[in-house]
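Down below is the structure, laid out as structure tokens.
Chain letters run A, B, ... following the sequence lines, proteins first and then strands; every chain starts at 1. Only a predicted model underlies this, so the values are computations on that prediction, with no experimental measurement involved.
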There are 2 protein chains.
Amino acid sequence: MQLNELSQRSGVTPASIKYYLREGLLPPGEAVHATRAEYSARHLERLELIQALRQIMGLNIGQIRGLVKMADDGVPRLDLLAAVQRVVLDLGNYTTSIGGEAAEATDAVVRLRGWPDSASDARNALTAHLELMAGLKIPVSETVLDAYSKAMDDVAGLDIAATTAPESTDRLILTAAVGMHMHSQLLLKLLALAQASHAIRRYQR
Amino acid sequence: MQLNELSQRSGVTPASIKYYLREGLLPPGEAVHATRAEYSARHLERLELIQALRQIMGLNIGQIRGLVKMADDGVPRLDLLAAVQRVVLDLGNYTTSIGGEAAEATDAVVRLRGWPDSASDARNALTAHLELMAGLKIPVSETVLDAYSKAMDDVAGLDIAATTAPESTDRLILTAAVGMHMHSQLLLKLLALAQASHAIRRYQR
DNA sequence: AGCCTTAGGATAGAGCCACTATCCATGCGT
DNA sequence: ACGCATGGATAGTGGCTCTATCCTAAGGCT
């Protein structure tokens, strides 16, 4: 298939496809000769991935490029999942200082939940976030952390169990990202409803 | 105090303050005469609110305008909190159809948790989100909804209890928005860590 | 009283992002 | 052999959040 057909099948305009090619999100088609290139099902799949990451998750071009580069480089699955987490759950842009109360709180949570005691983006992000909250004078008691982490442990168990092995790396990213996003959003909607319910009970009388 | 001092005390450049005035985020200062206006502590507080909503929460000007308009119009506290939720937890932009499986699932959750059975943005958002997930063929079992909602119910109870009564409407918005945001982000970080932990257990062997 | 500074108002420009449109030489398909 | 689509390059668009410039008017210091 060539550009026009790819465009029609994916619903992405040719101009945008060219843009994605330029930005390195979409690998170039196999050049039949100077002015003709052939695209495959892989390109279609990639375009679907790009569409989902842009429109559903709201990722920017740079973030998407990072993910698809990893896919093209064939990095291990766990690293890929970690990268997806980083952009979908917004774990990036954090600077963690070593030690400190926040780090201890994080360690305590990890021990309490029996999670593997290894460094990770998620762990750094958690520590950094606790530091941020401490800086903003928003207290996070051990009780709260305990309750939150228990809840998330339960949720994560269900999430991971529901993840099925995908047939291609692009599909892995797609299902993992969409799944993570949808589940975390679901959690936030439930939180909103729960908060609203508690607020009504508390204030409306 | 006048423009320059307001700028220095808030850390916002005069040009940006003018922009906020133009956009109606900041009420005009009390005009001493044609070319001089006096700003008060309220303006400083408002600027801090705007800064936080922009930089920490990433709200856009339109969303902030909506919130501060409500504050200036003196709408009831519960409505204000609902509006804060809408922008902070991203409950807007949803179209819900009446009835359907998703609505039933939402009703079931509300009954199960003993939450007040009233319409709300949060409830609509939840229903719409469940519809979206169904459309994407991401199954959400009753078990999952039960576990998630229980977790969020516990969390919300702690959240609301931690909310202290603020002295001004701007402060109410600020503490509510920052608190909501920080707590929801904390949850997401914990979710990330929990997921990573489960994934390691599952895949790394 | 006179002049320098600064406020406020209006308008235009900057910088970023994700496209989108135009232009051009090329060469396949009919 | 010739029209039309292609790849490649480059420039433009529109939305958003500022930021900079200009201008007039007036306060206040001397």
Side-chain angles (χ1 to χ4, degrees), chain A residues 1-40 42-44 46-69 87 90 92-93, chain B residues 1-40 43-44 46-68 87 90 92-93:
Chain A
M1 119 189 64
Q2 49 200 49
L3 192 63
N4 224 14
E5 190 183 346
L6 183 63
S7 163
Q8 283 174 344
R9 286 226 252 165
S10 63
V12 181
T13 63
S16 293
I17 293 178
K18 285 182 172 188
Y19 171 65
Y20 294 146
L21 285 166
R22 279 200 301 284
E23 292 294 325
L25 305 194
L26 197 61
E30 193 170 348
V32 179
H33 57 263
T35 75
R36 219 46 60 124
E38 188 71 17
Y39 299 96
S40 66
R42 266 196 59 232
H43 293 89
L44 194 53
R46 175 61 57 89
L47 269 179
E48 282 163 14
L49 174 61
I50 294 171
Q51 290 273 88
L53 293 180
R54 283 279 314 128
Q55 290 169 16
I56 305 182
M57 340 276 313
L59 301 191
N60 64 36
I61 299 299
Q63 292 172 315
I64 296 176
R65 181 167 37 223
L67 288 181
V68 301
K69 273 241 157 66
V87 293
D90 193 28
N93 338 323
Chain B
M1 112 189 73
Q2 47 200 46
L3 192 64
N4 225 14
E5 190 182 347
L6 183 63
S7 163
Q8 282 174 345
R9 287 226 252 165
S10 63
V12 181
T13 63
S16 293
I17 293 179
K18 285 182 174 186
Y19 171 65
Y20 294 146
L21 285 165
R22 278 200 301 284
E23 292 295 326
L25 305 194
L26 197 60
E30 192 170 349
V32 179
H33 57 263
T35 75
R36 221 41 65 121
E38 189 70 16
Y39 299 96
S40 67
H43 293 90
L44 194 54
R46 174 61 58 89
L47 269 179
E48 283 163 14
L49 175 61
I50 294 171
Q51 291 274 89
L53 293 180
R54 284 277 316 127
Q55 292 168 15
I56 304 181
M57 338 276 314
L59 302 191
N60 64 36
I61 299 300
Q63 293 172 315
I64 298 177
R65 182 167 35 224
L67 287 181
V68 301
V87 293
D90 194 27
N93 337 321

Donor-acceptor pair, [X] side chain versus [Y] backbone, under 3.5 Å?
X: B:Arg65; Y: B:Glu23; value: yes
X: A:Gln8; Y: A:Glu5; value: no
X: A:Gln2; Y: A:Glu38; value: no

[X] has an atom [atom1]; how far is it from atom [atom2] of [N], in whole Å?
X: B:Met1; N: C:dG8; atom1: CE; atom2: P; answer: 12 Å
X: B:Leu26; N: D:dT17; atom1: CG; atom2: P; answer: 16 Å
X: A:Leu3; N: D:dG7; atom1: CG; atom2: P; answer: 5 Å
X: A:Glu38; N: C:dG29; atom1: CD; atom2: P; answer: 11 Å
X: A:Glu5; N: D:dT6; atom1: CD; atom2: P; answer: 10 Å
X: A:Ile64; N: C:dC19; atom1: CD1; atom2: P; answer: 8 Å
X: A:Gln2; N: C:dG27; atom1: CD; atom2: P; answer: 15 Å
X: B:Tyr20; N: D:dT19; atom1: OH; atom2: C1'; answer: 12 Å

Check against side-chain contact (heavy atoms from CB on, under 4.5 Å), B:Leu26 and B:His43:
CA-CA 7 Å; B:Leu26 197 60; B:His43 293 90; 4.3 Å; yes
Starting the side chain at C-beta, find the nucleotide from [options] nearest to [X].
X: B:Asn4; options: C:dA7, D:dT17, C:dA18; value: C:dA7
X: B:Ile61; options: D:dC18, D:dT6, C:dA18; value: D:dC18
X: B:Arg36; options: D:dT17, C:dT6, D:dT6; value: C:dT6

Categorize A:Glu23 for me: base, sugar-phosphate, or nothing, with a 4.0 angstrom heavy-atom threshold over every strand shown.
nothing
Determine the contact category for A:Leu21: base if any of its heavy atoms lies under 4.0 Å from a base atom, sugar-phosphate if only primed atoms, P, OP1 or OP2 are that close, otherwise nothing.
nothing
Nearest atoms (heavy-atom pairs only) where A:Pro28 meets A:Leu21:
CA-CD2, 3.8 Å
Go through the steps for A:Ile56 and A:Gln51 under the test side-chain contact (heavy atoms from CB on, under 4.5 Å), then give the verdict.
CA-CA 8 Å; A:Ile56 305 182; A:Gln51 290 273 88; over 6 Å; no
B:Leu67/B:Leu59 under side-chain contact (heavy atoms from CB on, under 4.5 Å): CA gap, chis, key distance, verdict:
CA-CA 11 Å; B:Leu67 287 181; B:Leu59 302 191; 4.2 Å; yes
When you compare the protein's N or O atoms with those of nucleotides 20-24 of chain C, which come within less than 3.5 Å of each other, and at what distance?
from	atom 1	to	atom 2	distance (Å)
C:dT20	OP2	A:Ser16	OG	3.3
C:dT20	O4	A:Arg22	NH2	2.9

